[in-house]
Amino acid sequence: MKTAGIGTDIEHAVWLLQREEVVAIPTETVYGLAGNALSNRAVSEIYAVKNRPAFDPLIIHVYPAERISNWVKAVPEQALALAGALMPGPLTLLLPKNDRVPDLTTSGSALVAIRSPRHPLTQELLAMLDFPLAAPSANPFGYISPTTAAHVARQLGDKIPYILDGGPCEVGIESTIVGWDDDKTPVLYRKGGIPVEEIERITGPLRVMPHSTSNPSAPGMLKSHYAPRVPLILGSIRESLDQHPGKRIGVLSFQSHFPEIPAERQIALSPAGDLKEAARRLFSALRHLDALGIDLILAERFPESGLGTAINDRLRRAASKN
Ligand code: TXA
Ligand code: MG
């Protein structure tokens with residue numbers, strides 16, 4: 001059994017990654033569980049540590065963003081425009097991979113998901129490596145993504161040698177994934193850290209890929225995901241409170257406080273109504289409520305605009321477990 005070291009020692013992270021070991025890394029979205037994307041050994045270790053099914057492909061991380069072209073057959077004009085405007089940042093492009101990307105990394109898919117993260121520590125790390133990093137979120141498969149080094153340590157600390165600590169994640173929600181279908185229509189595969197409106201300003205209207213539990217080849221998109229262990233109900237908190245008398249309830253709201261619920265069992269993600277702040281705090285808050293030993297988490301829907309759309313997506317998936 002390993003015990004993960006935690007720190008900011010980039011040289012140590014480089015040393016481990018060069019030896020085909022896995023290391024948790026900070027990004028602006030969530031922490032990733034990283035390994036050499038070109039090494040079958042490192043990639044297999046990622047799947048094993050996460051307990052992730054082999055059909056669910058990994059995102060590749062590069063820095064600087066120009067390095068994307070090293071791993072794909074071609075970069076379509078719209079992808080180039082998105083990369084120019086939004087990278088480095090919480091955007092992942094889904095593009096036809098070239099032969100240098102191992103099939104194991106993409107679970108056999110001809111497409112590779114690729115992004116250039118904005119976190120300075122990880123940028124420095126990537127710039128020191130002569131291979132890209134495959135990195136899914138550093139959580140056990142199906143659980144809430146980690147947004148601090150402590151989150152990673154709590155769940156994967158005995159399975160990995162090192163966690164590069166970059167502080168709390170600035171965006172707090174995973175990257176937005178965009179690809180193109182056969183007739184070059186832009187497709188939204190996952191709502192995320194860049195609001196849909198910002199993407200559409202550059203690409204025009206996106207086709208939205210529906211979630212699926214039966215078609216895992218649709219990226220990201222197993223419905224029951226991001227789920228706390230405690231059942232979560234999404235809807236009007238006020239109505240749900242009336243429907244569940246006698247239960248120990250935790251509350252996750254945007255701005256509101258509920259006087260009948262003890263203060264330590266409720267979290268308003270942004271009393272000031274700032275969706276960015278709410279996104280940044282979302283996963284930490286879910287983990288906190290999940291650890292309280294309560295019966296039920298009641299969460300409300302967020303405004304369907306900006307990052308609110310991605311927050312609602314994560315809450316819906318958290319709720320769909322029950
Ligand atoms: O913000 C993020 O994207 C974070 C940080 C660590 O970069 N990463 C992340 O990775 O969220 P992960 O593996 O937890 O989620 C990536 C999703 C997966 O659900 C996977 O199904 C989808 O992207 N995906 C990756 N490669 C794909 C491919 N070639 N084709 C279809 N879907 C793909
Ligand atoms: Mg994930």
Side-chain angles (χ1 to χ4, degrees), residues 22-35 37 43 46-47 49-63 71-73 86-98 101-119 122-123 125-126 132-147 151-152 155-156 163-164 166 169-181 187-194 209 211-213 215-227 279 283 310 313-314 317-318:
V22 299
V23 170
I25 57 165
T27 83
E28 76 280 25
T29 58
V30 300
Y31 274 72
L33 180 64
V43 169
I46 292 173
Y47 280 98
V49 167
K50 259 193 82 103
N51 201 12
R52 180 181 179 111
F55 62 70
D56 197 0
L58 306 179
I59 296 181
I60 287 189
H61 298 65
V62 298
Y63 183 78
W71 311 106
V72 301
K73 286 197 169 134
L86 301 169
M87 283 188 184
L91 171 69
T92 295
L93 300 175
L94 195 57
L95 298 171
K97 80 175 191 72
N98 66 24
V101 180
D103 290 331
L104 188 63
T105 307
T106 65
S107 304
S109 168
L111 301 175
V112 61
I114 192 157
R115 85 179 195 91
S116 190
R118 196 164 66 199
H119 196 291
T122 288
Q123 291 182 340
L125 175 68
L126 285 166
L133 290 177
S137 51
N139 51 287
F141 183 71
Y143 195 64
I144 304 159
S145 294
T147 52
H151 291 163
V152 181
Q155 291 190 299
L156 302 181
I163 301 169
L164 195 58
C169 299
E170 166 206 340
V171 175
I173 210 160
E174 299 86 347
S175 60
T176 303
I177 305 182
V178 178
W180 286 266
D181 69 11
V187 180
L188 178 69
Y189 286 92
R190 178 173 71 184
K191 294 165 186 161
I194 295 187
M209 193 77 164
H211 298 151
S212 169
T213 43
N215 176 19
S217 68
M221 310 302 112
L222 299 174
K223 219 173 152 209
S224 158
H225 222 93
Y226 313 100
F283 289 155
D313 171 82
R314 300 306 187 270
R317 292 192 213 196

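Both ligands and their constituent atoms are indexed starting at 1 by order of listing. One is the number of the first residue; the rest follow in order along the sequence.
Under the 4.0 angstrom criterion for non-hydrogen atoms, K97 is not in contact with ligand 1. Contact annotation: A135 has at least one heavy atom less than 4.0 Å from an atom of ligand 1.
The contact set between ligand 1 and L94, taken as ligand atoms under 4.0 Å from a residue heavy atom, comprises 27 (C), 28 (C), 29 (N), 30 (N). The atoms of ligand 1 that sit less than 4.0 Å from any heavy atom of T29 are 1 (O), 2 (C), 4 (C), 5 (C). For ligand 1, the atoms sitting less than 4.0 Å from at least one non-hydrogen atom of I177 are 17 (C), 23 (O), numbered in the order shown with element in parentheses. Near H61, the atoms of ligand 1 lying under 4.0 angstrom from a non-hydrogen atom of the residue are 5 (C), 6 (C), 7 (O).
In this structure the side chain of R52 never reaches within 4.5 angstrom of the side chain of I46, judged on heavy atoms. Contact of the V49 side chain with the L156 side chain is registered, since non-hydrogen atoms from C-beta on lie closer than 4.5 Å. Residues L95 and W180 form a side-chain contact, since some pair of their non-hydrogen atoms from C-beta on lies under 4.5 Å apart. For the pair V112 and V72, the minimum side-chain heavy-atom distance is below 4.5 Å. Looking only at side-chain heavy atoms (C-beta outward), P26 and L164 come within less than 4.5 Å of each other. Using a 4.5 Å heavy-atom threshold, the side chains of N139 and I144 count as separate.
A side-chain donor-acceptor contact under 3.5 Å links E174 and S145.
For a threshold of 3.5 Å applied to N or O pairs, the pair formed by D56 and ligand 1 contains at least one separation below that value. Distances between N or O atoms of E174 and those of ligand 1 include no value under 3.5 Å. Taking only nitrogen or oxygen atoms, main chain and side chain alike, L111 reaches within less than 3.5 Å of ligand 1.
Of the heavy atoms in L58, only backbone atoms (N, CA, C, O) come closer than 4.0 Å to ligand 1.
Listed by first and then second residue, the salt bridge (charged side-chain N to carboxylate O under 4.0 Å, His left out) pairs involving residues 103-117 are E28-R115, K97-D103 (not counting sequence neighbours).
The Mg ion (ligand 2) has an N, O or S atom of S137 inside 2.8 Å of it.
The residue among R52, M209, R190 with a heavy atom at the shortest distance from atom 18 (C) of ligand 1 is R52. Evaluated by nearest non-hydrogen atom to atom 27 (C) of ligand 1, the leading choice among P146, P57, S175, G32 is P57.
The CZ atom of R118 sits 11.5 Å away from the OG atom of S175 when rounded to the nearest 0.5 Å.
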